[in-house]
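What follows is one structure encoded as structure tokens, with my remarks underneath.
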Amino acid sequence: MSAVLQERLPVSDVESRRTRRREQLSAVVRYTILIAVGLLMLYPLIWLVGASFKSNAEIFTEIGFWPSHFSLQAYAKGWKTSTEYTFATYFLNSFAIIIPRIAVTVVSCVLVAYAFARFDFWGKKVLFGVMVASMMLPHIILRVPQYLMFKEFGWLDTYLPLIVPSAFATDTFFVFLLVQFLRGIPRDMEEAALIDGCNALQLLWHILVPLLKPAIISVVVFQFIWTMNDFMGPLIYLSSVENYPVSLALKMSIGATEEVEWASVIAISVVALLPSVLIFFMAQRHFIEGATSSGIKG
Amino acid sequence: MYENKKLGFMFVLPFFLGVLLFKLFPFVMSFALSFTHYDIISPPEYIGLENYRELSEDPLFRKSLGVTLMFVALTVPLRLAFALMIAQVLNFRLRGIDFFRSAYYLPSILGGSIAVSVLWRYLFSRNGLINIVLMKLGMEPIAWLADEDYALWTIVLLNVWQFGSAMVIFLAALQNVPTSLYEAAAIDGATKFQMFFKITVPLITPVIFFNLVMQTVHAFQEFNGPYMVTEGGPLHSTYLLSLYIYDQSFRFFNLGYGSALSWVMFFLVVSLSLVAFWSSKYWVFYSGEKEKAR
């Protein structure tokens, strides 16, 4: 028995060494692909940062990232804008839309997802079907009637059309994401708490919300970035420049003239992307976990 | 508690109202408006199928329809192919893999923003980075945004660059494929290539299907890219249906015609989805209850 073992040991040793070598080779190949494609993909974004410190002339001649001499002029000029407002106003406007919108989205979507995942009620199947179908509905077809509705309400040129629908859990993607996440959470703890006399809201708040944290963070991050990126909504509903969020102000800075002041436009684009990049990297671990565990798209 | 039907309905009530008010009502109204002439100043006037008849003779609509179909046909397969390829490379225990996952996801997160559209517009401009690179390589610069043959490609590229959202979903699916299957196949002497097409692809068909449908719906609605980068031009070569709908509805305030246009888009998306659902019988395999739950 032991003789057999001793005989076989070197063989398996050679084999494991071979697989290890094969794994190392495969890792090298994968790293090479990852870095090459990654650089190609990210270079435009990286270049954008470098270019924001360059002079207007250098932007049009150099492919390198590093500017020949640093200048913050583009930032100063871009920040001031050609309007009577600075970008400070536009950023504050963006946040005046984003923050309330995130708050109402989280509250409404968590409640609705809780109902779908844990309760039985009349018409549940139909309503759930409506929710999934509405994710596949091209929302552009709702734009005209929604515009007329908000006009009727007297909401044009305010932020209400951009915020209020979210309070009714109409961003169905988030409800779906939360329902999928809730389905993966075992019910034992809730049942125990139920026996201890918790009511439905206490259950949600004390037991489910802490467990839902990664999913809720995903909702916050997605909603932050999507609202920051949203262009068509503000374009349709907002008319006075003093109400413009960053996306509209940026579009304005490109303007109607042929000559674009690229250096300052690029500098402001960097600033405009910064909040989204920061929140993405701050939350990315929970975020990718939340997004992938739901098995659906972002 | 769980059987408390009234309570459940109470929690879902906001969504119920929201769907009625912000989705179902506008949906029906948009259909009704498509049979009217409505310029917002005078009340809508019923004109029957006139808008749809006009559409069939509208050369700009035809152009825009062609551009849209071309755009979708190029963007969706390319995006899915990249997403699956990179997900495959990322589905491996490597040091620093989390960093790469985030890095590849970043363009999808930011890609829809106006700031990135601005960047794109510069990159492909006559003196932009892409042409500088071409010239350093000794090639002729290309008028990307001013040439009818190239302009749509810049928009396609901008969209393919954002393959990260589909990639994340593929990644989740790949991680659910049992490794025992690959081990068994390796013992039988299968190549990596065979494993991919005989094991991986069949097992993730439900997710391929999901991504295909969702990406198609999204591609049909692409707006920021063509609106900002090429402004629909040159010669309407990037004039997607979404731009035409926007122009008719909110620039010219032809709300009836705009609604008819958007119903054409709705019809297209629904028919393509139906084709996908019908064909899924033949190529989508659900292996167990877990997959079915999706």
Side-chain angles (χ1 to χ4, degrees), chain A residues 27 30 33-34 37-38 41-42 44 47-48 60 63 108 111-112 114-116 118-122 127 130 134 136 138 140-146 149 165 168-170 175 194 200 225 228-229 231-232 236 247 250-251 254 262 265-266 269 272-273 276 280 284 288 291-292 295-298, chain B residues 1-3 5 7-9 11-12 14-15 17-19 22-23 26-27 29-30 33 89 92 94 100-103 107 109-110 112-115 118-119 122-123 127 129 132-133 165-166 168-169 171-172 213-214 217 220-221 223-224 242 245 249-250 255 258-259 262-263 265-266 269 273 294:
Chain A
R30 278 167 198 258
I33 298 175
L34 283 179
V37 178
M41 281 190 64
L42 290 184
W47 181 89
L48 189 67
F60 289 111
I63 54 177
S108 66
L111 276 176
V112 172
Y114 182 42
F116 274 130
R118 292 293 195 262
F119 290 87
D120 228 352
F121 51 86
W122 186 80
L127 212 52
V130 168
S134 92
M136 287 192 278
I140 198 164
I141 84 161
L142 308 179
R143 289 289 189 185
V144 168
Q146 282 179 343
M149 231 165 77
F168 291 86
T170 50
V175 181
L194 209 60
I225 294 170
M228 193 83 196
N229 289 355
F231 177 64
M232 208 199 215
I236 291 172
S247 57
L250 254 176
K251 156 77 182 147
I254 272 224
W262 278 113
V265 168
I266 284 172
S269 299
L273 289 174
S276 301
F280 174 72
Q284 52 99 1
I288 293 187
T292 52
I296 46 173
K297 73 154 271 143
Chain B
M1 180 65 63
Y2 291 110
E3 265 76 63
K5 297 190 178 185
L7 201 58
F9 192 75
F11 284 138
V12 91
F15 177 65
L17 294 175
V19 162
F22 297 115
K23 300 237 161 118
F27 184 69
M29 195 170 150
S30 150
L33 276 172
V89 180
F92 197 66
L94 284 175
F100 285 108
R101 283 179 190 166
S102 309
I109 293 290
L110 304 175
S113 70
I114 290 302
V118 166
L119 164 69
Y122 160 75
L123 284 180
N127 308 312
L129 188 63
I132 300 176
V133 172
S165 53
V168 171
I169 299 167
L171 196 54
V213 173
M214 293 310 271
V217 177
F220 265 100
Q221 298 182 85
F223 180 79
N224 289 7
S242 61
I245 294 173
S249 308
F250 298 107
L255 298 181
S259 300
S262 64
W263 268 80
M265 183 194 276
F266 177 68
V269 171
S273 303
R294 291 230 164 99

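Order of the sequence lines sets the chain letters (A, B, ...), proteins ahead of strands, with each chain counted from 1.
Considering only heavy atoms from C-beta on, A:Ile140 stays 4.5 Å or farther from B:Phe266 through its side chain. Inter-residue side-chain proximity for B:Ile109 and B:Ser165 is flagged as unmet; no heavy-atom pair is nearer than 4.5 Å.
Per-residue heavy-atom pair counts under 4.5 Å with chain A were compared for B:Leu119, B:Ile245, B:Leu129, and the maximum is reached by B:Leu129. Among the candidates B:Ser242, B:Ser30, B:Ala103, B:Gly8, the residue making the largest number of heavy-atom pairs closer than 4.5 Å to chain A is B:Gly8. For the set A:Val112, A:Thr170, A:Leu34, A:Leu142, the count of heavy-atom pairs under 4.5 angstrom toward chain B peaks at A:Leu34. Here B:Phe100 is the residue among B:Phe100, B:Phe220, B:Trp263, B:Phe27 with the most heavy-atom pairs under 4.5 Å with chain A. If you tally non-hydrogen atom pairs under 4.5 Å between each of A:Pro145, A:Pro44, A:Gly38, A:Ser134 and chain B, the highest count goes to A:Pro145. Note: A:Pro138 leads A:Ser247, A:Ser108, A:Pro138 in heavy-atom pairs under 4.5 Å with chain B. When each of A:Arg30, A:Met149, A:Met136 is checked for heavy-atom pairs under 4.5 Å with chain B, A:Arg30 comes out on top.
In this structure, the side chain of A:Gln146 engages the main chain of B:Phe22 through a donor-acceptor pair within 3.5 Å. A distance-only check finds a donor-acceptor pair linking the side chain of A:Tyr114 to the backbone of A:Ala200 [under 3.5 Å].
With a 4.5 angstrom heavy-atom cutoff, A:Leu127 touches chain B via backbone and side-chain atoms both. Interface remark: B:Val133 contributes backbone and side-chain atoms alike to the contact with chain A (heavy atom separation under 4.5 Å). Of the two parts of B:Phe9, the backbone and the side chain both hold a non-hydrogen atom closer than 4.5 Å to a non-hydrogen atom of chain A. Both the backbone and the side chain of B:Val89 come within less than 4.5 Å of a heavy atom in chain A. With a 4.5 Å cut-off on non-hydrogen atoms, A:Val130 touches chain B through its side chain but not through its backbone.
With sequence neighbours left out, A:Ser276 forms a side-chain contact (heavy atoms from CB on, under 4.5 Å) with A:Phe224, A:Ile225, A:Met228, B:Leu110. Under the rule for a side-chain contact (heavy atoms from CB on, under 4.5 Å), the partners of A:Val265 that lie at least two apart in sequence or sit in another chain are A:Ser253, A:Ile254, A:Val260, A:Trp262, A:Ser269, B:Val118.
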Task: side-chain contact (heavy atoms from CB on, under 4.5 Å) between B:Asn224 and A:Asn229, worked out - done: CA-CA 9 Å; B:Asn224 289 7; A:Asn229 289 355; 5.5 Å; no
TODO: For A:Phe116 and B:Phe11, run ring pair (Phe, Tyr, Trp, His ring centres under 6.0 Å): C-alpha distance rounded to whole Å, both residues' side-chain angles, the deciding distance at 0.1 Å, then the answer.
DONE: CA-CA 9 Å; A:Phe116 274 130; B:Phe11 284 138; over 10 Å; no
